[in-house]
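Only one structure is covered here, and it is reproduced in the block below.
These values consider heavy atoms only, across backbone and side chains, with no hydrogens, waters or symmetry-generated copies. What you see is a predicted model; the values in this text were computed from it and never measured.
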Amino acid sequence: GGHLSQSQHAQLRLQAFRLKFRVPVSALEALQYVYPSDEYPEITHFSVKSIQATLRRVSGYVDEKYDCCIRICMCFSGENSNLKECLFCKHPRYDVTGRPFQQFRYLPLTTRLLGLFKNPETALKMRYRSEFKEENVGDISDVVSGTNYRKLCSTKVGIGSHTCSYNYFADPHDVALAFSLDGVSVFKKDRPT
C-alpha cells in the first residue's frame, strides 16, 4: 500500500477508463500528444508501465509472466518449462535476441480471491452461496440448487487417499468456483483462435 499523489490517482482513473472501454494502450498513450502538457500533466507524463507499477505497489498484487507459443498452441510451464520450441507447431520459443516471442500475464487465483474478500462489497456478495434459500424445493433456479452442487454439499472432502471430517462447502467462507473457457481451441486448427 501507500499514499498516492494526485497525478497517480489521475493515471489510475485513466487505466480504469482504458479497461472499462477496451481502449488500446497505444490510444491511451496517444493522449499525451493531444493535450498540452502544462494544462494536463497527469495525462501527458505517464506510461502504461508506470501505471501498472503503481497498481502493483498499492494493491500488493504481483502477476506472473509465462512464455507461450506465438500461435497460442501451448504454454511453456511445468514439465514444458525448458522447451525451446512448441510441441505442436514447432515454432521457436525465443527470437534471435533470446526474448520469448509471446508471453501472457497471470494473476494467481488465490490473489484474486483474497482481493474479493478484502473488498466489503464483494465479500458480502460472496456470501450468496451460503445464504441461498430455495423458494420451491426441487426447482433448479441457481447453480447452488443443482444436483451436482447438492451432492457435493453432502460429501466429505477428499484429499488424495485421505477423507476429511467435513463436507464440501460446509463453511460459509468456502468458495465454489465455476469455470468458463474462452479462446481455447478444442479442435486441431491451422491457425490460433
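Taking 4.5 Å as the limit, every side-chain heavy atom of Q102 sits out of range of all side-chain heavy atoms of H91. In this structure, the side chains of K65 and R105 come closer than 4.5 Å at one or more pairs of heavy atoms. With a 4.5 Å cut-off on side-chain heavy atoms, F76 and S81 do not count as touching. The shortest distance between side-chain heavy atoms of F88 and R71 does not fall below 4.5 Å. Residues V157 and Y166 form a side-chain contact, since some pair of their non-hydrogen atoms from C-beta on lies under 4.5 Å apart.
A distance of 11.0 Å separates OG in S77 from OH in Y106, rounded to the nearest 0.5 Å. The distance from atom CG of D174 to atom CG of N167, rounded to the nearest 0.5 Å, is 10.5 Å. Atom SG of C68 is separated from atom CE of M74 by 9.5 Å, given to the nearest 0.5 angstrom. From F104, atom CZ reaches atom CD of E64 across 9.5 Å, with rounding to the nearest 0.5 Å. Between the CD1 atom of I72 and the SG atom of C89 there is a distance of 10.0 Å, given to the nearest 0.5 Å. Interatomic distance, OG of S50 versus CD of Q11, reported as 5.0 Å (0.5 Å rounding).
The two atoms that bring Q103 and D67 nearest to each other are NE2-OD1, 2.8 Å, heavy atoms only. The two residues F132 and S145 have their closest heavy-atom pair at CE2-CB, 4.1 Å. Closest heavy-atom contact between K118 and P120: O-CD, 3.4 Å. Of all the heavy atoms in P108 and V62, the pair that sits closest is CD-O, 3.9 Å. Residue V175 comes nearest to M126 through the heavy atom pair CG2-CE, 3.9 Å, listed as atom of the first residue, atom of the second, then distance.
Each of L116, T111, T110 was checked for a side-chain contact (heavy atoms from CB on, under 4.5 Å) with L113, and the lone residue meeting it is L116.
Under the 4.5 Å side-chain heavy-atom criterion for ILVMFWY residues, no single connected hydrophobic cluster contains both L177 and Y128. V23 and I51 sit in two unconnected hydrophobic clusters of ILVMFWY residues. Membership requires side-chain heavy atoms under 4.5 Å apart, directly or through other members. Connection of F117 to L109 is established within a shared hydrophobic cluster, with ILVMFWY side chains joined at heavy-atom distances below 4.5 Å, either directly or through further cluster members. In the hydrophobic clustering of this structure, I159 groups with Y168; members are Ile, Leu, Val, Met, Phe, Trp, Tyr whose side-chain heavy atoms approach within less than 4.5 Å, directly or through other members. One hydrophobic cluster holds both V25 and L12 under the rule that ILVMFWY side chains link at heavy-atom gaps under 4.5 Å.
E121 CD: 12 or fewer foreign heavy atoms inside a 6.0 Å radius. Residue-environment remark: CG (N148) stays at or below the threshold of 12 foreign heavy atoms within 6.0 Å. In D95, the CG atom is crowded: over 12 heavy atoms of neighbouring residues, nucleotides or ligands sit closer than 6.0 Å.
Side chain of K156 to backbone of S165: a donor-acceptor contact under 3.5 angstrom is found. No donor-acceptor distance shorter than 3.5 angstrom exists from the side chain of D63 to the backbone of L107, with no hydrogens or angles considered. A donor-acceptor pair under 3.5 Å links the side-chain atoms of R150 to the main chain of V144, judged by distance alone.
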Can you check side chain to side chain contact (heavy atoms under 4.5 Å, CB included) on Y149 and D142, steps first, answer last? CA-CA 10 Å; Y149 176 81; D142 196 279; over 6 Å; no
Take R18 and Q15 through the side chain to side chain contact (heavy atoms under 4.5 Å, CB included) test and state the conclusion after the steps. CA-CA 5 Å; R18 183 183 82 78; Q15 178 73 339; 3.0 Å; yes
